[in-house]
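One structure below.
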Amino acid sequence: MSAPLFDGLPPLSGEDGGEPRLVRIALPVPIDRLFDYRLPDRMPATLAPGTRVRVLFSGQPLTGLVVPPDLETGTEGAEGDRPILRSGRTLAEIESVIDEEPVVSQAMMRILGEAAHEIFCPIGLALAHALPPGSTPRVARPWALTARGERALSQRALGADALGGDGRPLLEHLARRPATLASLARAFPRVDVGRRLASLTRDGLVERRLEQRAPRARVPTERFVRLAPGVDVQEACDRTLARAGKQAALLRMIAAARQGLATRAITRGEAQVASRLRALARRDLVVFEERPRLDAQDSFLDGGDRVELTEDQALALRPICDAIARRSDETFLLHGVTGSGKTEVYLRALAEVRAAGRQALVLVPEITLTHQIVARVRARFGDQVAVLHSGLKPGERLAQWERLRTGQTAIAVGARSALFAPLETLGLIVIDEEHDGAYKNDEGFRYHARELAQKLAAHAACPLILGSATPSLETRHRADRGDIRRLSLPRRVGGRPLPAVDIIDLAQEKARNPRGRKMILSRPLRQAIEEALAAGGQTILFLNRRGFSTRIFCFQCGHAERCDDCDVALVYHAAESQLRCHYCDLVREVPEHCSGCGDPETALLGVGTERLEEETRALFPTARTMRLDRDVAARRGHTEQVLRALKNESVDIVIGTQMVAKGHDFPGVQLVGVIAADIGLHLPDFRAAERTFQLLTQVAGRAGRAQRPGRVVIQTFVPDHYAIAPVGSHDFETFYREEIQHREALGYPPFGLLTRIVVHAEDEAETSQAAETLARAARAELAEAGGLEILGPAPAPIARLRGRYRFMLLFKGTDAKLLRRVTERTLEAARRLPRDLQVALDARPVHML
Ligand code: ADP
Ligand code: ZN
């Protein structure tokens, strides 16, 4: 027996008395509350939490999720905290129940409820993430007979004169089943169906219905055949099949496969074999069953279980295995340089979890960019692995989901949304490249995969491994505080050297070589390219271009204007010709000349990948050169083409943006050139230095992964900057110690809490006013308390997006309770704004643009 649905409430007597039976559900709507629906008598007496139901919400069909009765809603004291049975109020009915058994675990609902509360997300939007793929209702609006139409048809009360000759067949057709206009038009090609339906509607005989269709996602199945229970094969062959040798042989083959065989694999399209199979079924010797079809598996080649772990790896693995065995929810930071064997440690930990008969979850930043690790997990664990990627059709995704839920598959690998996969016996979570920005969801339910994984691990009592060569400041700092345990792999496997990194001081280069000052590629970088070409090695030229054109960045001296208070770059606004701080709204005039070096023409400069490509082709006309950036990546298949060329070594120089920085492992790459390492430092984001260090280190890790010793050349105007200089010695710790001091001094995370509110609308003045209104509400709440900084409103760093103006407010402080109160007041004020004004709140912002 499951627990009573509404514990602690007055008994609801649905069967015998007048009071309705209620079910509390979450709906995917931006209202922070749960909803009570009436359970009609024809439905089961109770619905277990985790069951999906279909309801109408303001006339819209939605999929609801039955929640545990004690699930907390986001806002304290909000209506809907408890079912409220108001007399006279008619509660809407549940239309239908979708599942026979729960498809979402109570633990998952509690985790999402808690996370939603923490980040001010309407609870239903968060819970919707846990629904199996294909849960969004599909609706159809077919034509159907009205009651009057049915009566008229059965009483034969329709005179041919009243309806016209084709009225009756149309009604008879609809009496069998409702049909869409298109299907009616196909069935009655010679009738003007539209006009006919219009006249039947006027007579009240037909109507359009709102009909909910089953979700499109269906688990694809395959027919299997196996020996019927209790059959003695020998006896059957000797007696029943004594004169049917071929059937006997077939029966033996089926009996030999204990799990049964796919009928497709047996018959191979041969009608005779199929008929023998049917004959066996008629004799009750075999039975058929439909099973979910497994997707095509890769071949498993690795077998790498036999590699001997290095001493570092063995040391790192031991406490992890220990935590797996103890079922402790300890978090580990696996901090190892690229190529240090982190993946091998994950694989061993996964094997340990499998041996214990439990399931595991492996998260990667972007599944398309990380074939490498996916392939290795697959290679080692074969069809125990479900790869959840966005390329799956809904049905395939659902199939994977079902196999995980029922325990048929043990390991889920996927991007952040794989967190919601139903793993009932979770024994380990791995987050690879844990610092990656892709782990943050920037829309709707703005969760961070790392934080959700932490909760999931706590509920499941299982360890969590955060792996990276360049951990996020938050994670590294948690290790400092002793909240999590740091395991380090300081060396590459097999004594392979880390690539040699040269940091080129562009200012010095330009001074030394005044005639070459307009060149993008410095002399040492040109020389390195020549050497790589001569040795037959490949070169990647990396240009981090993001947000570049709006910065005042002098390409002569590398100077960029910054806000002293917020320590972020000022943004150039062409319309007003002003510089602006996008955190505190400081405004400054654009300097006449570069205030760093006085150069008159370079105060505003952007260099694009196109110009770099031009220069490269001119300098190295015989080299095979390709470009990969967001513009060309939009062309179908282009990204794959470039990556393939890198892999096959059919290209010499690749010019690229972020897209080439991640996850790929190209053995032929000998040189990586970074064109302007400073650019990322000047984004108006307090994480700019962290991102720059991570990106440069990651890019540098691309070089020399295989036999060739790799080389990295980094061009910069600030060779001594703490986010750039340590890249040269692969020295994360030096960078970390500097950066953590800056964060502490300015009260940024992980020391302070930050909340970001963006107001956006089409009209600029209106948007700005609304942002002011919210700021006033926040400051009013703060007036008595103090202790929290309210920055702005200021135009958001991306001040206009898809035709909407954006203004940003930042709350910064250390008092979590106070921050919560101020945020709640601000949200209340936001609810009173006119409808066209949208307010986006991020309680843990990662991206500040
Ligand atoms: P990371 O994930 O830290 O970048 P990998 O796990 O990919 O490192 O290891 C780098 C390379 O070293 C891979 O080719 C891997 O197969 C190999 N490798 C890892 N561990 C060992 C080991 N103990 N012995 C031999 N080779 C190893
Ligand atoms: Zn400022």
Side-chain angles (χ1 to χ4, degrees), residues 298 300-318 320-321 332-352 360 362-367 369-381 385 411 413 428-436 438-439 464-472 475-476 486-499 501 540 646-647 660-669 672 694-710 712 727 730-733:
D298 314 326
F300 318 128
L301 306 165
D302 189 31
D305 257 334
R306 277 177 294 273
V307 303
E308 185 103 6
L309 288 187
T310 64
E311 203 174 310
D312 292 334
Q313 284 173 322
L315 276 175
L317 187 62
R318 201 166 304 144
I320 294 172
C321 289
F332 298 96
L333 162 59
L334 184 62
H335 188 176
V337 295
T338 42
S340 61
K342 293 186 292 295
T343 308
E344 185 62 38
V345 174
Y346 305 151
L347 293 173
R348 295 296 175 97
L350 290 173
E352 193 75 12
V362 179
L363 295 186
V364 293
E366 281 157 83
I367 202 91
L369 292 175
T370 45
H371 309 291
Q372 206 71 35
I373 177 166
V374 174
R376 284 172 69 187
V377 176
R378 258 263 164 88
R380 192 135 330 158
F381 298 98
V385 182
I411 301 172
V413 185
L428 175 70
I429 307 175
V430 174
I431 304 187
D432 188 36
E433 308 283 0
E434 68 88 30
H435 62 275
D436 201 292
Y439 286 122
L464 166 65
I465 305 177
L466 305 173
S468 178
T470 53
S472 62
T475 299
R476 180 64 190 78
R486 176 162 170 259
L487 308 167
S488 76
L489 300 175
R491 284 167 285 266
R492 281 193 164 181
V493 173
R496 265 174 236 151
L498 283 158
V501 178
I540 293 178
L646 270 169
K647 192 155 210 157
V660 296
K662 283 186 188 168
H664 309 287
D665 199 352
F666 304 113
V669 174
V672 173
Q694 285 165 349
L695 195 62
L696 292 178
T697 306
Q698 222 66 192
V699 172
R702 296 298 113 228
R705 295 270 295 197
Q707 269 39 302
R708 292 170 212 275
V712 181
V727 176
H730 308 274
D731 183 4
F732 176 86
E733 292 300 309

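Side-chain atoms are counted along with the backbone in the values below, which use heavy atoms only and exclude waters and symmetry mates. We count ligands from 1, going down the list as the structure has it; atoms in each ligand are counted the same way. The structure displayed is predicted, hence computed values, not measured ones.
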Next on the checklist: Within the 4.0 Å heavy-atom shell around T310, which atoms of ligand 1 are there?
Outcome noted: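 Once the distances to T310 are compared, the set is 23 (N).
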Next on the checklist: Using a 4.0 Å cut-off to any heavy atom of V337, which atoms of ligand 1 qualify?
Outcome noted: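 Here the atoms of ligand 1 in question are 3 (O).
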Next on the checklist: Check contact between S340 and ligand 1, using heavy atoms of the residue and a distance below 4.0 angstrom.
Outcome noted: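 S340: in contact with ligand 1 (<4.0 Å).
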Checklist entry - Of all the heavy atoms in G339, does at least one lie under 4.0 Å from an atom in ligand 1? => result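 It does; at least one heavy atom falls under 4.0 Å.
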Item to check | Short N-O contact, R380 and E344, less than 4.0 angstrom | outcome: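 Judged by the 4.0 Å cut-off on N to carboxylate O distance, R380 and E344 do form a salt bridge.
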Item to check | Under-4.0 Å salt bridge between R486 and E733 | outcome: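 Here R486 pairs with E733 in a salt bridge, since their nearest N and O are under 4.0 Å apart.
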Using heavy-atom distances only, which candidate in [options] approaches [atom] most closely?
| atom | options | answer |
| --- | --- | --- |
| atom 7 (O) of ligand 1 | R376, K342, R496 | R376 |
| atom 12 (O) of ligand 1 | V493, I373, T343 | V493 |
| atom 9 (O) of ligand 1 | G494, A314, A469, G341 | G341 |

Does any N or O in the side chain of [X] come within less than 3.5 Å of the main-chain N or O of [Y], such that one atom is a donor and the other an acceptor?
| X | Y | answer |
| --- | --- | --- |
| H730 | P499 | yes |
| Y346 | I373 | no |
| K647 | G668 | no |
| E434 | P471 | no |

Next on the checklist: Heavy atoms only, cut-off 4.0 Å: how does E308 contact ligand 1, side chain, backbone, both, or neither?
Outcome noted: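 For E308, the contact with ligand 1 is made by the backbone alone.
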